Amino acid sequence: MNQQITEVTAKLHESEAAADDGVREAVATMKKYSGEQKLTKEIADVFIDRILIYDSKHIEIQWELPDEVIKFIEK
């Protein structure tokens, strides 16, 4: 039982470290483009996964960001 707890704890720490790396990378990318005044194709390719158009008044933007960053932004 103790070995299983140790293994699960190690996996949890690994996934947290990977998530932290993803967040750090996303923040660095956001800083790179933070002063831009226009949306370029390069910026759209970096930040936008897809844009769904439902009708003339309803669209959805799916972001190309780690979930942790999106949750932080939505707070």
Side-chain angles (χ1 to χ4, degrees):
M1 181 75 156
N2 286 338
Q3 182 180 357
Q4 288 176 329
I5 293 172
T6 303
E7 289 173 8
V8 169
T9 303
K11 287 180 183 178
L12 177 62
H13 288 296
E14 288 174 17
S15 66
E16 287 174 348
D20 287 346
D21 288 343
V23 170
R24 273 192 223 96
E25 186 177 319
V27 168
T29 301
M30 285 187 263
K31 284 182 181 180
K32 176 180 176 181
Y33 296 107
S34 65
E36 296 294 326
Q37 297 295 314
K38 294 182 180 181
L39 179 63
T40 64
K41 181 178 181 340
E42 177 185 359
I43 295 171
D45 288 345
V46 169
F47 290 107
I48 299 173
D49 180 38
R50 69 184 64 160
I51 299 173
L52 303 171
I53 302 172
Y54 299 108
D55 57 47
S56 64
K57 295 182 182 183
H58 298 93
I59 65 167
E60 177 182 345
I61 299 173
Q62 294 182 353
W63 300 100
E64 187 68 47
L65 297 169
D67 290 340
E68 295 84 3
V69 173
I70 292 172
K71 287 176 188 173
F72 177 77
I73 291 169
E74 290 177 344
K75 285 184 181 181

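Computed from a prediction, not measured in an experiment: that's the story for all the values here. Start at 1 with the first residue, then count along the sequence.
Atom-to-atom distance recorded for Ile48:CD1 and Ile43:CD1 is 9.5 Å, nearest 0.5 angstrom. Atom CD1 of Ile53 sits about 11.5 Å away from atom CD of Glu60, to the nearest 0.5 Å. With values rounded to the nearest 0.5 angstrom, Leu52 atom CG is found 9.5 Å from Ile59 atom CD1.
The side chain to side chain donor-acceptor pair (under 3.5 Å) analysis of residues 26-40, with sequence neighbours excluded, yields the pairs Tyr33-Glu42.
Note on Tyr54: it does not cluster hydrophobically with Ile51, by side-chain heavy-atom contacts below 4.5 Å among ILVMFWY residues.
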